[in-house]
2 protein chains.
Amino acid sequence: MLVRINTAPRMPIDGQLAALASERMLSEFRYRRGSEIFGEREEPEYVYQIVSGAVRTYKLLPDGRRQINAFHLVGDMFGFENETTHRFTAEAIVETHVHLMRRTSILEAVRNGGAGAKDLIKFVTQNLQHAESHMLLLGRKTSLERVTAFLLEMDERLQHPDVMILPMNRRDIADYLGLTLETVSRALSILRDEGLLRFDGNSQRRLELVDRGALAKIDA
Amino acid sequence: MLVRINTAPRMPIDGQLAALASERMLSEFRYRRGSEIFGEREEPEYVYQIVSGAVRTYKLLPDGRRQINAFHLVGDMFGFENETTHRFTAEAIVETHVHLMRRTSILEAVRNGGAGAKDLIKFVTQNLQHAESHMLLLGRKTSLERVTAFLLEMDERLQHPDVMILPMNRRDIADYLGLTLETVSRALSILRDEGLLRFDGNSQRRLELVDRGALAKIDA
DNA sequence: ATGCCTGTTTGATCTCGATCAATGGTCCGC
DNA sequence: GCGGACCATTGATCGAGATCAAACAGGCAT
């Protein structure tokens, strides 16, 4: 029997910004695990599309508290700015290959009208939509609901693989969900003990959602 | 001596979507205190600009927990959707007058290129920017930091009036900040006791920021 | 294999904000 | 004026999640 896992196909990218991406591609670039792609307050030069790997974008408070806005997976675009500075930092979670586009060429495409503007509005709107539901999660959900919502979000974005391989560690998940890593770990253990998910073999990053229906009921 | 309070000038609106707003205006509409302007999952027909009053937009969980995404004040636009359903509910906090534009005429303006698309991208990006900093607040700030951030946000949006009149009650503030109304009240009392703000006269909704510098230091 | 580093789980305890509860104020219309 | 529906503050207690702490992997270089 074939077991589908979320090993990313390296090439065929079904872009969110297809009309923009196809033509204006510049080159491919590689980032090491943990390395910074761009920093908060830096001047934006490129827009990025992930060919392989995974990226976290986050904001920091002066004392080091971190909030991860979003995880970006294969095919996702990120880094677009309308203003002259980046609003957050982007880091490669694992070794990551990206395609670059010049920001100015995107802006030019908008100026010229056509599909570019519409695509870009759609892209920004999707980000906004994600942010809005994440505010509901951060403001009003319990820790178990948050972790469940995270699992279901990843499951969907990875197209419901039999075995889900998470690129990020527990601290990343915690900083995405507004929790501590211990609380994330405890929530996962509860879901495991209740038979809703299984840790797969040796690695705690590989997991299998056994009962998606029950998980969906927990996520209010 | 003249005391500036944030009584809104009724007419001159310095719109975020000026290029779109000017031409396509349909008519003015009035909403009673507490009444719904549109509901989550409804089909979007109009985009709104506030002439006077204030609006809250929020999402609900099935059990009634509420997260307010944003407060909209005089001059603000809200209600634009790229999709075929609204992503949240909008309610008038106090008696509110709005200008309506047909959503379709906005979309048409985008299709025709020109300033419309650029304005719309800017509008959605500003919303996204606000959502991103609000995620940091909801995920990682303490209750005192949240309330302080709220006061400074309102202060700035009302252009630093001597006396700030808040249209929303403590529960609204709490649901915006991911807290309970009691915690909001306690935080305000702390700031009052430390001399950073004053409640003005009879109403607890009228307040004066005495030491904006100290407040800015609290908001990490 | 050995040793080190990073990551994860689990347990014990603490604390901030939630919950439960009571009181008083404000703004209404009558 | 008075009654009643909010609305806000404050106090007492509770509890979910944070913090502190320990043990135990797994991965990787040597």
Side-chain angles (χ1 to χ4, degrees), chain A residues 32-34 56 61 63-67 93-95 137-148 150-151 165-194 197-207 218 220, chain B residues 32-34 56 61 63-67 93-95 137-151 165-193 197-207 218 220:
Chain A
R32 248 184 235 87
R33 178 178 186 315
R56 60 182 167 244
L61 290 174
D63 65 359
R65 281 173 284 173
R66 183 177 69 157
Q67 178 62 42
I93 298 175
V94 293
E95 160 138 345
L137 178 147
L138 292 171
R140 289 300 178 217
K141 289 188 182 178
T142 67
S143 63
L144 196 62
E145 288 165 352
R146 291 179 202 210
V147 171
T148 304
F150 166 75
L151 292 172
I165 303 178
L166 299 175
M168 70 290 284
N169 64 24
R170 301 291 190 256
R171 173 171 296 282
D172 287 338
I173 299 173
D175 285 351
Y176 179 59
L177 298 178
L179 300 170
T180 60
L181 66 93
E182 292 93 333
T183 299
V184 170
S185 178
R186 280 183 237 273
L188 289 172
S189 297
I190 289 170
L191 296 173
R192 185 216 332 111
D193 293 349
E194 301 204 333
L197 71 84
R198 259 198 289 273
F199 290 92
D200 203 68
N202 31 19
S203 171
Q204 293 125 324
R205 303 263 186 104
R206 294 160 160 263
L207 41 90
I218 289 175
Chain B
R32 248 183 235 86
R33 178 179 192 289
R56 59 181 168 245
L61 290 174
D63 64 0
R65 282 173 284 173
R66 183 177 68 158
Q67 177 63 41
I93 298 175
V94 293
E95 159 138 345
L137 178 148
L138 293 170
R140 288 302 179 215
K141 289 188 181 178
T142 67
S143 63
L144 196 61
E145 287 166 352
R146 292 179 201 212
V147 171
T148 304
F150 166 75
L151 292 172
I165 303 178
L166 299 175
M168 69 291 283
N169 64 25
R170 300 292 189 257
R171 173 171 295 281
D172 287 339
I173 300 172
D175 285 350
Y176 179 58
L177 299 177
L179 299 171
T180 61
L181 65 92
E182 292 94 332
T183 298
V184 170
S185 179
R186 280 183 237 275
L188 288 172
S189 297
I190 289 170
L191 296 173
R192 182 208 345 103
D193 293 348
L197 70 83
R198 259 198 291 272
F199 289 92
D200 202 70
N202 31 20
S203 172
Q204 294 126 322
R205 303 261 186 106
R206 293 159 159 265
L207 41 90
I218 289 175

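Predicted model only: the values in this text are computed from it and were never measured.
Here the shortest heavy-atom pairing between K141(A) and L61(B) reads CE-CD2, 3.8 Å. Among all heavy-atom pairs drawn from D175(A) and R140(B), the shortest one is OD1-NH2, 2.7 Å.
To the nearest angstrom, P of dT19(C) lies 10 Å from CZ of R65(B). As a whole-Å value, the separation of L166(B) CG from dC7(D) C1' is 14 Å. In this structure, F199(A) places its CZ atom 8 Å from P of dT10(C), rounding to the nearest Å. Between D172(B) atom CG and dC7(D) atom P the separation is 9 Å, expressed in whole Å.
Within 4.0 Å (heavy atoms only), R146(B) reaches no atom of the nucleic acid at all. Using a 4.0 Å heavy-atom cutoff across all strands shown, T142(A) reaches sugar-phosphate atoms only and no base atom. Residue-level contact check: R33(B) touches the backbone only, with heavy atoms under 4.0 Å from sugar-phosphate atoms and none from bases. Note on L181(B): a base of the nucleic acid sits closer than 4.0 angstrom, heavy atoms only. Using a 4.0 Å heavy-atom criterion, one finds that T180(B) contacts the bases of the nucleic acid, with or without backbone contacts as well. Among the heavy atoms of the strands lying under 4.0 Å from G178(A) are primed sugar atoms or P, OP1, OP2 only; no base atom is included.
When each of T148(A), T183(A), V147(A) is checked for a side chain to side chain contact (heavy atoms under 4.5 Å, CB included) with L188(A), only V147(A) meets the rule.
Of all nucleotides listed (dT10(D), dA18(C), dG17(D)), dT10(D) comes nearest to the side chain of E182(B).
In the helix from dA1(C)-dT30(D) to dC30(C)-dG1(D), the end axes, each obtained as the rotation axis mapping the C1' atoms of four pairs onto the next four within a five-pair block, lie 40° apart to the nearest 10 degrees.
Other residues, nucleotides and ligands place no more than 12 heavy atoms under 6.0 Å from the CZ atom of R198(A).
Ion pairing between R66(B) and D172(B) holds under the 4.0 Å rule for side-chain N and carboxylate O.
The base of dG11(C) sits within donor-acceptor range of the side chain of R186(A), with an N or O pair under 3.5 Å.
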